Every structure is written in structure tokens, then in C-alpha cells.
Amino acid sequence: MREGRLFKIMYYLLDKGSANAPELARKFEVSVRTIYRDVEALSGAGIPVYTEPGRNGGIYLMRDFTLDRAAFSEEEKQKILTAIQSLKAAPNLDNSDVLNKLSALFKTGADDWLEVDFSRWGYKPDDNARFDLFKSAITSRRSVKIVYAGANGDVGERIVQPLKLSYKSRAWYLKAYCTEKNAYRVFKLDRILDFELSDAFFPPRAYPEPEETSGPESENITLLFPKEMTYRIYDEFDNRQVSRTADGELLVHARLPVDSWLTGFLLSFGANVTVLEPSYIRELLAKEAELIYKKNKT
């Protein structure tokens with residue numbers, strides 16, 4: 001218990017530069033006398049901490065003191081270096097200098113096993129510019145005028161107040177407040193066709209994260225695929241959702257949203273998917289395929 005408090009006092013002084021005994025006593029919920037005993041213990045352990053009496057006095061760490069690398073285990077060092085290395089995936093967040101300094105401090109290097117690139121093939125400059133603009137809008141709290149392609153097929157202008165960038169299931173999303181709808185909305189970054197940073201600022205606000213994201217109703221669906229589709233099935237579904245039949249075909253049990261996206265998703269497999277359950281989705285898919293046939297037959 002006490003050892004943990006000693007470390008916390010040291011980190012607090014590293015962050016703040018100085019503090020007085022009553023301030024530390026309130027923060028760590030101990031007496032002032034206990035704080036002075038803790039300061040003596042830190043000093044006895046070789047931490048250059050000292051006190052200055054008087055009205056403007058306090059408890060200080062010597063200038064230029066840095067936390068010894070021995071305070072971290074080898075596993076903790078690697079976790080810190082890997083976390084900083086992964087930040088290089090985001091544009092304009094190159095932390096090479098920080099990575100090099102910490103590697104030198106820890107006398108170890110970050111193993112070069114991780115490479116993350118969120119941009120699409122062939123679109124790195126465009127994707128990075130888009131990401132950078134919304135990052136800037138979020139940190140400066142400036143509204144953005146966007147042209148957005150909605151799921152219902154409508155393309156229109158909106159004024160949004162960007163609050164958070166979120167990466168989920170191989171895609172970037174913008175969580176924002178839409179001034180047109182007067183409500184919080186989630187926009188897929190790839191569907192933002194055009195964007196312009198405005199001069200209008202908005203007050204600080206947090207995106208209200210629901211316990212369960214609202215959306216279309218989902219349904220337990222059973223699908224059957226030939227073994228030739230193995231490469232794609234494991235791209236789209238978790239291994240735990242997939243089983244093999246005696247003939248080597250792939251049986252998929254998944255809970256999926258029932259909307260226009262589902263129809264398009266299933267049609268993307270062409271004739272290589274059979275909907276086993278529920279039957280009404282099989283009928284929807286057959287009708288859509290028939291419409292495609294009629295529209296494109298010669």
C-alpha cells in the first residue's frame with residue numbers, strides 16, 4: 001500500500017514540478033505527517049526530493065530528474081515502445097523521435113514486428129488528408145461542411161460538429177453532431193465525398209456512447225458456401241461462426257442486420273451462397289437477383 005503511494009507521489013511531482021504537504025495529503029487521503037514520512041522515505045531511497053520551508057515553500061524534485069528506466073519491467077518497456085510505434089499509422093503523428101529517445105533510455109529497441117496502415121490501396125494521400133482535416137476539426141472544435149452519401153442512396157450537404165474518429169471493422173467512422181438533424185450521428189469516412197473546414201466554432205461536448213449502437217434489426221442467419229469460397233469466408237466471418245459439412249462446404253451461422261446492406265452483401269457472393277435460414281431472406285435475395293437479371297438481360 002505504502003510503496004504504491006510513494007510511486008504515485010513521485011509521479012505527481014514529476015508531472016506538477018512541486019506540491020505542498022496539505023495538497024498531497026488531500027490527494028492521497030493521508031495525514032500531513034504521513035506525507036512528510038513518505039518524503040523522507042523517497043529521499044532515503046535515492047530520489048532527489050527535498051522540501052523548502054516558508055509561505056511559498058513546498059516539496060520538490062530536483063530539476064532535470066528523470067524516472068529511472070529500472071522502474072519499468074522489460075514487458076512494460078516493450079508495451080510502451082509498441083504503443084508509440086503503432087501511432088505512426090495515423091498521418092502527422094510520427095513519433096520517431098519519442099520512440100528513439102525512449103529506446104535509448106530503456107537501452108532496448110522496439111521489435112519491428114508491427115506495421116499498421118489504415119489507408120486504402122492507392123488512396124493513401126487522399127485518406128490521410130481526410131483524416132488530418134477531421135482530426136484538426138475535432139481538436140479545434142470547428143464545424144465541417146460535408147457532402148455525404150447516405151445508406152438510403154441520398155447524397156446531400158450537411159454541417160457537422162466532429163467529435164471523435166473511430167476505427168471499426170476495417171473502416172473509419174466520424175462520430176459527430178449533425179446540425180441538420182439536431183442529433184448525434186455516425187458517418188462512414190469513405191462516404192464523405194467532399195468536405196470543407198468552416199470558420200464556425202462549437203462548444204465542447206462529448207459524443208454519448210450508447211450501450212448498444214442503435215440500427216436495423218438483426219437476425220440469426222444460416223448460410224452455405226462451397227469450399228472454393230474459403231478465402232473469402234474467413235475475410236468476412238469469425239472462425240467461430242464457420243463449420244464444415246461432410247462434403248467440405250462451409251456452413252456459417254451469424255447474426256446480421258436485416259436491411260439493404262444485407263442484400264447487397266449476399267449478392268456479392270453471386271451464385272456461391274445459399275441462404276438456408278430464414279426463408280424470407282432467401283426469397284428477398286431471389287427477387288433482387290431476378291430484378292438484376294431483367295434489368296441486364298439482352
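Keep in mind that this is a model prediction, so the values were computed, not measured.
Side chains of L174 and L163 form no contact here, defined as non-hydrogen atoms less than 4.5 Å apart. Side-chain contact between E288 and L267 is present, with at least one heavy-atom pair separated by less than 4.5 Å. A 4.5 Å side-chain heavy-atom check between R130 and W172 finds every atom pair outside the cut-off. Looking at heavy atoms from C-beta onward, R244 lies in side-chain contact with L250 at the 4.5 angstrom threshold. Side-chain atoms of T245 and L224, non-hydrogen and from C-beta on, do get closer than 4.5 Å to each other. Side-chain atoms of I192 and F134, non-hydrogen and from C-beta on, do get closer than 4.5 Å to each other. Between L165 and I138 the shortest side-chain heavy-atom distance falls below 4.5 Å. Between I221 and L262, some side-chain heavy-atom pair lies under the 4.5 Å cut-off.
In this structure, a donor-acceptor pair under 3.5 Å is absent between the side chains of R37 and S31.
Across every non-hydrogen atom of A149 and L193, the tightest pair is CB-CD1, 4.3 Å. Closest approach of L266 and V273 over heavy atoms only: O-CG1, 3.5 Å. Here the closest non-hydrogen pair linking V32 and P22 is CG2-CA, 4.1 Å. Smallest separation of non-hydrogen atoms from V147 and E157: CG2-CG, 3.9 Å. Scanning all heavy atoms of the two residues, the minimum distance from K227 to G248 falls at CB-O, 3.3 Å. Contact between A176 and P162 at its shortest, heavy atoms only, is CB-CA, 3.9 Å.
L251 and L223 are members of different hydrophobic clusters when ILVMFWY side chains are connected at heavy-atom separations under 4.5 Å. Cluster annotation: L256 is connected to L284 through the hydrophobic network of ILVMFWY side chains, with a link wherever side-chain heavy atoms come within less than 4.5 Å. Grouping the Ile, Leu, Val, Met, Phe, Trp and Tyr side chains by contacts below 4.5 angstrom, directly or via other members, places I35 with Y12. L133 and V160 fall within the same hydrophobic cluster, defined by Ile, Leu, Val, Met, Phe, Trp and Tyr side-chain heavy atoms under 4.5 Å apart, directly or through other members.
Atoms CZ and CD, on F265 and E236 in that order, are 4.5 Å from each other to the nearest 0.5 Å. Here the CD-OG1 distance, from E29 to T34, works out to 12.5 Å after rounding to the nearest 0.5 Å. The distance from the CD atom of E290 to the NZ atom of K295 is 13.0 Å, given to the nearest 0.5 Å. Interatomic distance, T51 OG1 to I59 CD1, rounded to the nearest 0.5 Å: 7.0 Å.
Side chain of R141 to main chain of F201: no donor-acceptor pair is present (N/O by atom type, distance under 3.5 Å, no hydrogens or angles). Side-chain atoms of Q241 come within 3.5 Å of backbone atoms of D238 as a donor-acceptor pair (strictly under, hydrogens ignored). S43 places no side-chain N or O within donor-acceptor distance of the main-chain N or O of V39, the cut-off being under 3.5 Å. Side chain of T139 to main chain of K135: a donor-acceptor pair is present (N/O by atom type, distance under 3.5 Å, no hydrogens or angles). Not one N or O on the side chain of R191 forms a donor-acceptor pair closer than 3.5 Å with the backbone of G150. At least one donor-acceptor pair closer than 3.5 Å links the side chain of R282 to the backbone N or O of L276. With D247 contributing its side chain and E249 its backbone, the two residues share no donor-acceptor pair below 3.5 Å. Judged purely by atom type and a 3.5 angstrom limit, S198 uses its side chain to pair as donor or acceptor with the backbone of S143. Side-chain N or O atoms of R142 include none that pairs as donor or acceptor with a backbone N or O of S136 at under 3.5 Å.
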Practice task
Test side-chain contact (heavy atoms from CB on, under 4.5 Å) on R158 and F187 and set out the steps.
Solution key: CA-CA 11 Å; R158 302 193 191 187; F187 302 93; 3.4 Å; yes

Exercise for the section: Begin with the C-alpha distance, continue with both residues' side-chain angles, and end with the deciding distance and a verdict on side-chain contact (heavy atoms from CB on, under 4.5 Å) for V49 and L13. Expected result: CA-CA 9 Å; V49 58; L13 293 174; 4.0 Å; yes

Exercise for the section: Given side-chain contact (heavy atoms from CB on, under 4.5 Å), test N239 with Y234 step by step and report yes or no. Expected result: CA-CA 7 Å; N239 182 46; Y234 290 108; 3.4 Å; yes

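Ion pairing of E283 with K287 is absent here, as no side-chain N (NZ or NE/NH1/NH2) approaches a carboxylate O to less than 4.0 Å. Electrostatic pairing of E23 and K27 does not count as a salt bridge here, judged by no charged N lying under 4.0 Å from a carboxylate O.
Heavy atoms from other residues, nucleotides or ligands lying under 6.0 Å from CZ of R240 number 12 at most. At most 12 non-hydrogen atoms from other residues, nucleotides or ligands lie less than 6.0 angstrom from OH of Y293.
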Acceptor/donor pairs from residues 177-186 side chains to any protein atom, 3.5 angstrom cut, sequence neighbours excluded:
from	atom 1	to	atom 2	distance (Å)
T179	OG1	I159	O	2.8
Y184	OH	R205	NH1	3.4

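The aromatic rings of F237 and F225 are tilted relative to each other, their planes meeting at an angle between 30° and 60°.
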